[in-house]
Amino acid sequence: MEQPQPLPGSLSWRLSSHPITLLTFLAFRVSSLLVYLLGFLFTSNMVMIFIITILLLAADFYYLKNIAGRRLVGLRWWNEVDPQSGESHWVFESSEPGTKIINATDSRFFWLAMYLQPGLWVALAIMVIFSLKFIWLPLIAIALALTITNSLAFSRCDKFSQASNIAGSAFSSGNLAGSIATNMMGRFFR
């Protein structure tokens with residue numbers, strides 16, 4: 001009996017264009033939560049759990065920002081500081097629309113994991129507050145800072161990518177917006 005093939009874009013890692021990248025990304029995302037939860041529930045060695053969770057969160061942050069985001073959805077971001085003024089600004093990078101085809105499965109896994117993890121850390125914060133174990137709150141605050149930073153940065157990067165793709169295609173030759181802009185500018189300079 002033959003098993004039905006999953007549809008493109010469904011949540012099956014077998015449909016991924018980059019299965020090793022996807023599985024490593026998901027492993028980092030899940031491992032920090034599991035180490036924290038299992039340590040919180042089954043051990044009293046807070047220092048060990050704190051250190052291991054922080055290391056996993058840092059590895060997740062780095063891997064997501066520099067590797068998984070670029071390979072799975074074609075997005076990258078970083079923060080630069082101007083040496084003269086000391087101002088920092090965010091830099092967003094996306095792959096060219098024609099050069100990289102984004103796999104629907106990779107994209108769904110990426111964005112689902114991106115927004116689900118901060119929500120789970122918020123739920124854990126609520127659990128810690130209600131159980132009156134406030135000593136765990138600094139770890140959760142660090143986890144929220146790292147996961148929310150990545151979520152916000154990739155969301156902005158995606159919006160920037162979509163806006164630049166729309167702007168680039170709107171003013172290309174043979175396009176309606178391009179001809180409207182040309183006609184309007186032609187009226188000003190007659």
Side-chain angles (χ1 to χ4, degrees), residues 8-11 13 15-33 53-122 125 139-182 185:
S10 63
L11 290 176
W13 67 271
L15 296 175
S16 173
S17 296
H18 307 285
I20 294 173
T21 303
L22 179 64
L23 291 175
T24 306
F25 162 66
L26 293 174
F28 277 131
R29 292 254 109 173
V30 170
S31 64
S32 60
L33 285 163
T53 305
I54 291 293
L55 289 173
L56 288 170
L57 284 166
D60 173 54
F61 184 85
Y62 174 84
Y63 190 79
L64 174 61
K65 181 178 164 305
N66 294 311
I67 298 167
R70 183 175 46 85
R71 295 205 61 196
L72 297 177
V73 291
L75 301 173
R76 224 171 67 160
W77 66 270
W78 63 92
N79 193 340
E80 289 183 348
V81 177
D82 183 15
Q84 269 68 34
S85 66
E87 289 184 22
S88 71
H89 62 280
W90 294 58
V91 180
F92 303 115
E93 182 180 274
S94 63
S95 60
E96 293 296 323
T99 60
K100 180 169 175 75
I101 297 172
I102 305 301
N103 183 324
T105 298
D106 290 341
S107 180
R108 286 190 67 199
F109 268 115
F110 181 85
W111 293 112
L112 183 65
M114 178 69 66
Y115 294 124
L116 188 63
Q117 192 180 28
L120 291 173
W121 281 110
V122 167
L139 176 61
I140 293 174
I142 292 168
L144 282 171
L146 290 173
T147 57
I148 289 173
T149 299
N150 253 339
S151 297
L152 288 175
F154 275 108
S155 295
R156 288 182 183 171
C157 191
D158 187 44
K159 287 186 186 351
F160 172 78
S161 168
Q162 290 174 3
S164 62
N165 288 344
I166 290 170
S169 66
F171 292 106
S172 64
S173 62
N175 203 337
L176 179 64
S179 63
I180 291 172
T182 303
M185 292 308 285

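No hydrogens, no waters, no symmetry mates; every other heavy atom, side chains included, goes into these values. Throughout, numbering of the chain's residues begins at 1 and tracks the sequence.
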Quiz item: For the residue pair Ala59 and Phe28, what are the closest heavy atoms and their distance?
Solution: CB-CE2, 3.6 Å
Quiz item: Of the non-hydrogen atoms in Ala68 and Thr21, which two are nearest, and what is the gap between them?
Solution: CA-CG2, 3.9 Å
Quick one: does [X]'s side chain get under 4.5 Å of [Y]'s, heavy atoms only?
X	Y	value
Tyr63	Thr24	yes
Thr147	Phe61	no
His89	Val81	no
Thr53	Leu139	yes

Quiz item: How would you list, by chain and number, every residue that makes a ring-ring contact (aromatic ring centres under 6.0 Å, His included) with Phe25, sequence neighbours excluded?
Solution: Phe110
Quiz prompt | Pairing residues for Trp77 by the side chain to side chain donor-acceptor pair (under 3.5 Å) criterion, not counting sequence neighbours | solution = Asn150
Quiz prompt | Point-to-point distance, once rounded to the nearest 0.5 Å, from CG of Leu57 to CG of Leu33 | solution = 8.0 Å
Practice problem: Kindly compute the distance separating CG (Leu116) from CH2 (Trp121), expressed to the nearest 0.5 Å. | Solution: 12.5 Å
Practice problem: For residues 141-153, pull every pair meeting salt bridge (charged side-chain N to carboxylate O under 4.0 Å, His left out), keeping only residues two or more places apart or in separate chains. | Solution: none
Quiz item: Is there any salt bridge (charged side-chain N to carboxylate O under 4.0 Å, His left out) pair reaching into residues 75-85, and which pairs are they, with sequence neighbours excluded?
Solution: Arg76-Glu93
Tell me, please, which residues at least two apart from [X] pass side-chain contact (heavy atoms from CB on, under 4.5 Å).
X	result
Val30	Leu34
Ile148	Pro118, Leu144, Leu152
Ile142	Phe50, Ile54, Leu146

Self-check item: Residues that Asp106 engages under salt bridge (charged side-chain N to carboxylate O under 4.0 Å, His left out), provided they are two or more places apart
Solution: none
Exercise. Not counting sequence neighbours, which residues clear salt bridge (charged side-chain N to carboxylate O under 4.0 Å, His left out) with Arg71? List them please.
Key: none
Exercise. Let me see the working for Phe92 and Leu75 under side-chain contact (heavy atoms from CB on, under 4.5 Å), right down to the final yes or no.
Key: CA-CA 8 Å; Phe92 303 115; Leu75 301 173; over 6 Å; no
Practice problem: Quick one: which residue pairs count as a side chain to side chain donor-acceptor pair (under 3.5 Å) with a foot in residues 110-120, not counting sequence neighbours? | Solution: Arg29-Gln117, Ser32-Gln117, Tyr115-Ser155
